[in-house]
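What follows is a short report on a single structure.
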Amino acid sequence: MASVRLENVRKVYEGGVVAVHDLSLEVREKEFVVLVGPSGCGKSTTLRMIAGLEEITSGAIYIGDRVVNDVPPKDRDIAMVFQNYALYPHMTVYENMAFGLKLRKFPKDEIERRVREAAAILEIEQYLDRKPKALSGGQRQRVAVGRTIVRKPKVFLFDEPLSNLDAKLRVQMRTELSKLHQRLGATIIYVTHDQTEAMTMGDRIVLMKDGYVQQIDTPLELYSHPVNKFVAGFIGSPAMNFIHGKVKKTRGLVFEEEGGGLQLWIQKKDEKKLLPYVTKEITLGLRPENIQLPGAGPAKGSRARVIVEVVEPMGNETYVYFSTRRSSNQCVARIDARKKPTVGKPLELVLDLSKAHFFDDQTERAL
């Protein structure tokens with residue numbers, strides 16, 4: 001296995017369209033790093049540049065200690081799994097997995113050993129004589145992964161490999177890929193638009209937007225300490241609530257929602273950083289799990305009377321979408337599944353402001 005390093009990598013397409021801006025990243029040996037972000041953020045372009053399928057405009061890419069800017073894809077010792085399985089329909093599973101090794105003139109007994117070994121790891125030994133049309137989507141994806149494992153590359157690259165699977169299979173394959181990483185001790189760079197995949201699989205996450213890296217961190221740090229409003233809103237499901245308003249000073253500091261809706265006492269620990277923003281417009285962010293019914297939330301939380309707009313029972317919990325009397329801003333709370341608020345009726349909620357995030361309205365940076 002090998003590390004991967006990108007130094008000030010930039011990609012500009014014809015017409016001056018910049019897909020990736022000066023990206024610097026170090027993926028350590030045996031690390032599982034996930035590139036995540038909305039469509040068009042540059043994550044797949046970055047992966048393709050590492051693979052050698054896209055030329056870089058400037059910067060340097062290292063695989064191990066070697067600069068690979070001008071090295072053809074076949075000589076980079078990487079293996080890539082695409083969104084499309086791209087299996088040969090006329091070949092059996094065994095033949096599909098062995099094909100790349102045959103092209104490289106590996107001995108027959110070595111091919112046999114590697115294919116059987118990979119099939120055992122992926123639990124597809126019983127399917128080796130089948131053609132792809134006789135397999136389910138999840139089984140085909142395992143074959144595509146197996147085709148890369150037999151090559152024993154230095155780095156595995158995955159480009160949204162689960163997006164064609166149904167929800168249940170995606171969850172199963174997430175688990176399988178995580179187990180595979182542990183068993184192989186492989187260096188993996190994985191691209192997805194699904195933040196749940198990123199949070200559950202990655203040792204570290206690279207969150208991108210419009211070709212820029214927003215934050216590189218562990219899943220927990222990204223969730224707990226987002227550096228800006230975009231990161232805060234992208235990570236977590238349901239997404240973080242954002243309430244626009246101003247900081248006012250009375251006996252202490254108060255956050256007042258735009259339009260005179262919610263008035264929330266700011267915690268002592270946040271007063272120092274918010275003092276420079278008195279009378280200025282800022283945004284308060286609070287995750288749905290930090291908004292609860294009285295008795296379920298913290299005793300010292302700020303209470304608010306709201307109007308219930310939508311109730312979504314999720315089985316083990318309930319999502320309650322609400323707004324305040326003077327604001328059309330819709331928020332969501334995650335409450336106990338046994339409670340059933342009535343749509344259109346007022347409801348008292350407790351907001352745990354010890355977990356609140358604050359963002360500058362001009363820069364959107366976390367305060």
Side-chain angles (χ1 to χ4, degrees), residues 1-12 18-37 41-73 75-81 148 151-161 177-178 180-195 197-228 230-231 234-235 365-366:
M1 298 303 154
S3 61
V4 177
R5 190 164 86 253
L6 285 71
E7 293 184 352
N8 304 112
V9 171
R10 181 178 172 86
K11 177 63 180 179
V12 183
V18 183
V20 177
H21 300 260
D22 298 318
L23 189 154
S24 293
L25 167 68
E26 181 162 5
V27 180
R28 296 183 286 270
E29 190 175 342
K30 299 184 180 181
E31 191 175 23
F32 195 132
V33 168
V34 181
L35 306 181
V36 67
C41 71
K43 56 188 185 295
S44 287
T45 301
T46 300
L47 197 75
R48 290 173 66 83
M49 287 191 290
I50 295 169
L53 302 176
E54 294 270 6
E55 288 186 9
I56 69 173
T57 304
S58 61
I61 297 177
Y62 294 79
I63 295 179
D65 297 324
R66 181 171 66 146
V67 178
V68 295
N69 290 21
D70 301 316
V71 176
D75 298 326
R76 295 193 179 195
D77 203 4
I78 54 94
M80 192 160 179
V81 179
T148 66
R151 289 179 49 199
K152 297 187 177 178
K154 287 182 178 176
V155 180
F156 288 86
L157 306 178
F158 289 84
D159 191 7
E160 304 204 38
L177 288 174
S178 294
L180 180 65
H181 174 241
Q182 292 166 11
R183 291 182 68 173
L184 295 179
T187 303
I188 295 178
I189 304 175
Y190 186 103
V191 161
T192 180
H193 63 274
D194 185 334
Q195 60 97 11
E197 279 183 28
M199 293 290 285
T200 54
M201 297 171 70
D203 296 325
R204 283 190 302 152
I205 296 172
V206 181
L207 182 50
M208 300 180 69
K209 178 190 177 188
D210 299 332
Y212 291 97
V213 170
Q214 302 295 304
Q215 188 170 350
I216 302 174
D217 227 321
T218 63
L220 183 59
E221 280 299 303
L222 227 65
Y223 183 83
S224 304
H225 302 107
V227 298
N228 60 35
F230 173 77
V231 175
F234 192 89
I235 297 296
R365 302 290 296 177

For Q182, enumerate each residue passing the side-chain contact (heavy atoms from CB on, under 4.5 Å) test, keeping only those at least two apart in sequence or located in another chain. none
What I'd like to find out is whether the side chain of R10 reaches to under 4.5 Å of the side chain of V18, using heavy atoms alone. yes
With the side chain counted from C-beta on, respond yes when M201 and S178 share a heavy-atom pair under 4.5 Å apart, and no when they do not. yes
For the CG atom of L6 and the OG atom of S24, what is their distance to the nearest 0.5 Å? 7.5 Å
Are any of the side-chain heavy atoms of K43 and H193 separated by less than 4.5 Å? yes
Applying side chain to side chain donor-acceptor pair (under 3.5 Å), can you list everything that pairs with T200, at least two apart in sequence or on another chain? R174
Return all side-chain donor-acceptor pairs below 3.5 angstrom for residues 207-221, not counting sequence neighbours, or 'none' if the list is empty.
| unit_1 | atom_1 | unit_2 | atom_2 | d |
| --- | --- | --- | --- | --- |
| Y212 | OH | H21 | ND1 | 3.2 |
| Q214 | OE1 | N228 | ND2 | 3.0 |
| Q215 | OE1 | V227 | N | 2.9 |
| Q215 | NE2 | H225 | O | 3.2 |
| T218 | OG1 | E221 | N | 3.2 |
| E221 | OE1 | H225 | ND1 | 3.1 |

Rounded at 0.5 Å granularity, tell me how far CG in L25 sits from OG1 in T46. 8.5 Å
My understanding is that only residues two or more places apart in sequence, or in another chain, count here; which of them pass side chain to side chain donor-acceptor pair (under 3.5 Å) with E26? none
Looking at side-chain heavy atoms only, is the closest gap between I188 and V33 below 4.5 Å? no
What's the spacing between F158 CZ and T192 OG1 if we round to 0.5 Å? 12.5 Å
Determine, step by step, whether E7 and R5 satisfy the side-chain contact (heavy atoms from CB on, under 4.5 Å) criterion, reporting the C-alpha distance in whole Å, the side-chain angles of both residues, the deciding distance to 0.1 Å, and the verdict. CA-CA 7 Å; E7 293 184 352; R5 190 164 86 253; 2.9 Å; yes
Does T57 have any side-chain contact (heavy atoms from CB on, under 4.5 Å) partners at least two apart in sequence or in another chain, and if so, which? K11, V12
Closest non-hydrogen atom pair, T148 against P153: O-CD, 3.4 Å
Measuring from L157:CG to M80:CE, what's the distance to the nearest 0.5 Å? 6.0 Å
Rounded distance (nearest 0.5 Å) linking atom CG of L222 with atom CZ of R204: 11.5 Å
Just verifying a value: how many Å separate S58 OG and D22 CG, rounded to the nearest 0.5 Å? 6.5 Å
Taking side-chain contact (heavy atoms from CB on, under 4.5 Å) as the test, write out the residues that go with S44, two or more places apart. D159, E160, V191
For A366, give me all partners under side-chain contact (heavy atoms from CB on, under 4.5 Å), at least two apart in sequence or on another chain. F359
Show, in sequence, the C-alpha distance, side-chain angles and deciding distance for M199 and I205, and conclude whether the side-chain contact (heavy atoms from CB on, under 4.5 Å) test is met. CA-CA 8 Å; M199 293 290 285; I205 296 172; 3.9 Å; yes
Which pairs with one or both residues in residues 55-66 pass salt bridge (charged side-chain N to carboxylate O under 4.0 Å, His left out), sequence neighbours excluded? none
I63 side chain reached by I78 side chain, heavy atoms, under 4.5 Å: yes
Criterion side chain to side chain contact (heavy atoms under 4.5 Å, CB included) against M49, the qualifying member of I56, L23, V68: I56
Determine whether I189 and V4 make a side-chain contact, defined as any pair of heavy atoms from C-beta on separated by less than 4.5 Å. yes
Partner set under side chain to side chain donor-acceptor pair (under 3.5 Å) for R76, not counting sequence neighbours: none
Residue set satisfying side chain to side chain donor-acceptor pair (under 3.5 Å) with R151, at least two apart, ordered chain then number -> none
For a quick test of reading the model, state the closest non-hydrogen atom pair linking G64 to A2 and the distance between them. N-CB, 4.0 Å
Checking ring-ring contact (aromatic ring centres under 6.0 Å, His included) against H181, which of Y190, F156, F32 comes through? F32
K30 meets the salt bridge (charged side-chain N to carboxylate O under 4.0 Å, His left out) criterion, sequence neighbours left out, with none
Can you list everything that forms a ring-ring contact (aromatic ring centres under 6.0 Å, His included) with F230? Sequence neighbours excluded, please. F234
Are V81 and P161 side-chain neighbours, meaning at least one heavy-atom pair lies under 4.5 Å? yes
